[in-house]
Amino acid sequence: MEPLTWTGSIAFLNPLIALALALMALSIVAWMLASIILPEDQMTVNPDGTLTSSSGLRNMIQAAMRYSFLASVGLAVAYIVLGILMGTNAGIIGAMSQQFLPVWMSLILLYAMSIAFKRKLGLYGKLFDSPIGMIGFGLVMFWVFTGIFGAMDLIVTHDPLDQISGMKNKVPGTPLSSLEEGQYAWYLLGGDNLARDVFSRMVKGAWIVVQIAPLATMFAFMVGITLGLPAGYYGGRLDTLLSFLANLILAFPVILLFYLLVTPEIVATGVPNYMAAVLFVFPIIFLGVLLNSRYYTRPNFRTPLLIGVLGVALWLYLSLISTGGYIVSTDSYSIWGLPTYLDLFDIPGGILVVFVSVVFVNSPTVFRIVRGLALDIKTRDYVAAAQTRGEGPWYIMLWEILPNARGPLIVDFCLRIGYTTILLGTLGFFGLGLPPESPDWGSTINEGRKLLSIYLHPALPPALALLSLVLGLNLLADGLREESLKD
Amino acid sequence: MLLTALCLTFLVFFLTNLYPNLEKLAKTQGNFRMSDEQVESFLEKGGYLQSTPIKYGEWLGVLPSYRHTNEDGTVQGRCILPGKTAEESPNFCGILQGYWGYSTVFKEEVGTVVGTRLALTGRLMFWVMLLMVPSALILGVLAGMKEGSATDRTLSTFAITTTATPEYVSGVIFIAIFTSSAVGLKWFKGTATQAMENPTFENFFLPVLTIALYGMGYIARMTRASMTEVMTAQYIRTARLKGVSFSNIVMKHALRNALIAPFTVIMLQFPWLLNGVVIVETLFNYKGFGWALVQAAGNNDIQLLLAISVVSVFVVLVTQLISDIGYVYLNPRIRIS
């Protein structure tokens, strides 16, 4: 087996894309300079009412920028398409784009459907009007699909924990020394210092982030909303108390908190289990109050609905917090939980403590945002109208104030997922919580950095993956903000 | 504020004094093959087995500290430093008496450990601030001068990219590009260990840049937002209509008002910088405050951890106070009314 080069037989594209990128960089610089130096375009109004602008130097620069951008994008697509068709003949890039085939297909399908029906899809559809939002959404969905398909073992080339002899610290594109039946013949992005496949670990790492980050953010939002709305709406002592607690957690340096909470010793004391038991109650309260305040005038409909929803929620809650039949199980004592035959899933202590502490760190900030929004919105006329109508306070909070605060909250949700991703990486970087062989990006960066001056390839792919995911989330939030402001 | 500090230190105290943590402390202090009884007696001697509120009171210096009489008749206790006898030592020793305890990791008094480490980190922070604040403000003002212009688009994209790059990613990328033998540039040094004695541009720039970049994007975006808001205000339009030149408008009319909001943001950025400091000091092996935190937490050095959390909580609360006062001072609308 020959070692793979980066581009293989499509190397003829390399000078082209270098040229296109150089042109684009040049034209961006020229564009910036031009906007400072050159005078603004003269618009002349024709007699028939149309406008003509002089095609000056500015327009030329803009055209140059647009075409060089299109050329670079086109060439990048060409790399991917040729890669899919030619596979390993097109080098490492080709092989990788072939591995990512399911991701490309789902992305194309998603974009085609979304653009076709974008006028019927509300805010989500409007996202496809802003190029920044589209780029951001594309990056995010790329990693989401990668995570999902990676978990289904469609993309990975090797097992992320398998060590293959002779592959220690090998550069990208190295063929396996002794090929067995059914094995992929190369380490596409090389091997790390324990001879594991960097590419497969990166793909598997996406699944950990895609699982934990949005879910943890959602829990943080539930906690923040359930506490922030009454604090802002009622004010008074409740507000003072809750704000004090929130400021207390916010004044704590995040790293110190992680170092104190996310250790095996703390897991052994059962503290995270108690915290989980408290924090995970909030979504149930939220759901219950949400439905009750809306439908309490129609008891015939409300009672079965509440029983159904809360029943399922409680079952999920209990199976979430109880492991092996116990809620808290330490050496000295234990508290009974759901029996094992009813337990839907078990969460290992390491993951649970990571999850809990991320929720714990995020919820005070959400609380502050929601409280601020509630303080602002409760002075509006429609709230006064609802009060005069005799609606209950929780109805006003959840069905009048909350929907009107959704714009900033959705934007913050996207930003916060990115921030949670960074936090998860930080935890991995310090080796806290997740098991040391876990393929998550933070741990992989931490392992790779020790040999960074000699071998670059183990640390860089997860670093760039994390960078692109968080960048995508930030761009997505920016696009959403732009579009929601247009209303 | 005092209440917040008390609550937080008690929280740290509670978490570090949980039994498994104490057991770990005993085993790292003694040896790793201690039996349960040996651990028990070690903790008994150190006074670790009293109830948490009492120990907390001792640490604060409001309760007399614990003393243990050994079998050979000598007395050991928290206040009795090595080489002193029980009679010479005071009964109370805590924060109120100015005694921060004895670090079990560094084998030194916590006060000196925190002092030296804090001085090193202070130097790092000074350069970070010097690099971050002016460049962030310039970026933000340039971008906010004309909303939607070419400069704005490019600089905003740059700012978003830096906020999306946590320190452990940018640091790794910088090390890979500028210091590794694989790329071959070797412009800088990959570690900042030498920078502790003699900081030079070569060994100190990368850690500074890594911390500064992450905070810079955020401050720049805030500055941009406040600048665009000011530029659409009535008095700017009036100035334009009067015929004041654009550069004069920006420098004399807009800038001062636009810098009020970023000031608050910069002050509130301090707690986040601490995060970055811990990561960067670990990454570049610069033995400052953040590095001490990692060491203390890894070995459950209770006294040092408490001192560190007191210092960091103090920094957070003081910066919050400064930002409130500064806001009032800078904003004439609040100051006069």
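Just so we're on the same page: letters track the sequence lines, and every chain starts at 1.
Residue contact with chain B, scored on non-hydrogen atoms closer than 4.5 Å, involves the side chain of A:D478 exclusively. Contact annotation for A:T426: both backbone and side-chain heavy atoms come within less than 4.5 Å of a heavy atom of chain B. For A:I28, the part sitting under 4.5 Å from any heavy atom of chain B is the side chain, from C-beta outward, and nothing else. Of the two parts of B:L8, the backbone and the side chain both hold a non-hydrogen atom closer than 4.5 Å to a non-hydrogen atom of chain A. At a 4.5 Å heavy-atom cutoff, the contact between B:T154 and chain A is made by side-chain atoms alone. For B:L274, the part lying under 4.5 angstrom from a heavy atom of chain A is the side chain only. In this structure, the portions of B:L283 lying under 4.5 Å from any heavy atom of chain A include both its backbone and its side chain. When heavy atoms are compared at a cutoff of 4.5 Å, B:L293 approaches chain A solely by way of its side chain, counted from C-beta outward. Residue contact with chain B, scored on non-hydrogen atoms closer than 4.5 Å, is absent for A:Y455.
Put simply, of B:L11, B:T151, B:T16, B:L305, the one with the most heavy-atom pairs under 4.5 Å next to chain A is B:T151. Contacts with chain B were tallied for A:P253, A:G425, A:A459; A:G425 has the most, counting heavy-atom pairs under 4.5 Å. Among B:T165, B:L15, B:V294, the residue making the largest number of heavy-atom pairs under 4.5 Å with chain A is B:V294. For chain A, the option among B:I173, B:V12, B:L317, B:N275 with the highest count of heavy-atom pairs below 4.5 Å is B:N275. Ranking A:L260, A:L248, A:N474, A:V254 against chain B, the residue ahead of the rest is A:L248, based on heavy-atom pairs under 4.5 Å.
One finds the SG atom of B:C7 at 12.0 Å from the CG atom of A:N247 (value rounded to the nearest 0.5 Å). From B:S156, atom OG reaches atom CD1 of A:I132 across 8.0 Å, with rounding to the nearest 0.5 Å. Between the CG atom in A:L471 and the OG1 atom in B:T163 there is a gap of 8.0 Å [rounded to 0.5 Å].
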message = Between B:T4 and A:F252, does the side chain to side chain contact (heavy atoms under 4.5 Å, CB included) criterion hold? Intermediate values first, please.
response = CA-CA 10 Å; B:T4 316; A:F252 226 111; over 6 Å; no

request  = Any chance you could lay out the side chain to side chain contact (heavy atoms under 4.5 Å, CB included) test for A:R449 and B:T282, step after step, and finish with the verdict?
outcome  = CA-CA 11 Å; A:R449 80 182 165 90; B:T282 316; 4.0 Å; yes

query = Going through the checks in order, is the side chain to side chain contact (heavy atoms under 4.5 Å, CB included) test met by A:L464 and B:V169?
reply = CA-CA 7 Å; A:L464 294 177; B:V169 170; 5.9 Å; no

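Here the closest heavy-atom approach between residue A:L452 and residue B:V172 is recorded as CD2-O, 3.5 Å. Counting all heavy atoms, side chain and backbone alike, A:L456 lies closest to B:A176 at CD2-CB, 3.5 Å. Between A:L256 and B:S309, the shortest heavy-atom distance links the atoms CD2-CB, 3.2 Å. In terms of heavy-atom proximity, A:I422 sits nearest to B:P166 at CG2-CB, 3.6 Å.
Not one N or O on the side chain of A:Y259 forms a donor-acceptor pair closer than 3.5 Å with the backbone of B:A296. Between the B:Y168 side chain and the A:F429 main chain, no donor and acceptor come within less than 3.5 Å of each other.
Heavy atoms from other residues, nucleotides or ligands lying under 6.0 Å from CD of A:Q62 number more than 12. Remark: A:R368 CZ is loosely packed, at most 12 non-hydrogen atoms of other residues, nucleotides or ligands lying under 6.0 Å away. The environment of CZ in B:F14 is sparse: at most 12 heavy-atom neighbours from other residues, nucleotides or ligands sit within 6.0 Å. The neighbour count for A:F244 CZ, taken as heavy atoms of other residues, nucleotides or ligands under 6.0 Å away, is above 12. Open room surrounds CZ on A:F69; 12 or fewer heavy atoms of other groups in view lie less than 6.0 Å from it.
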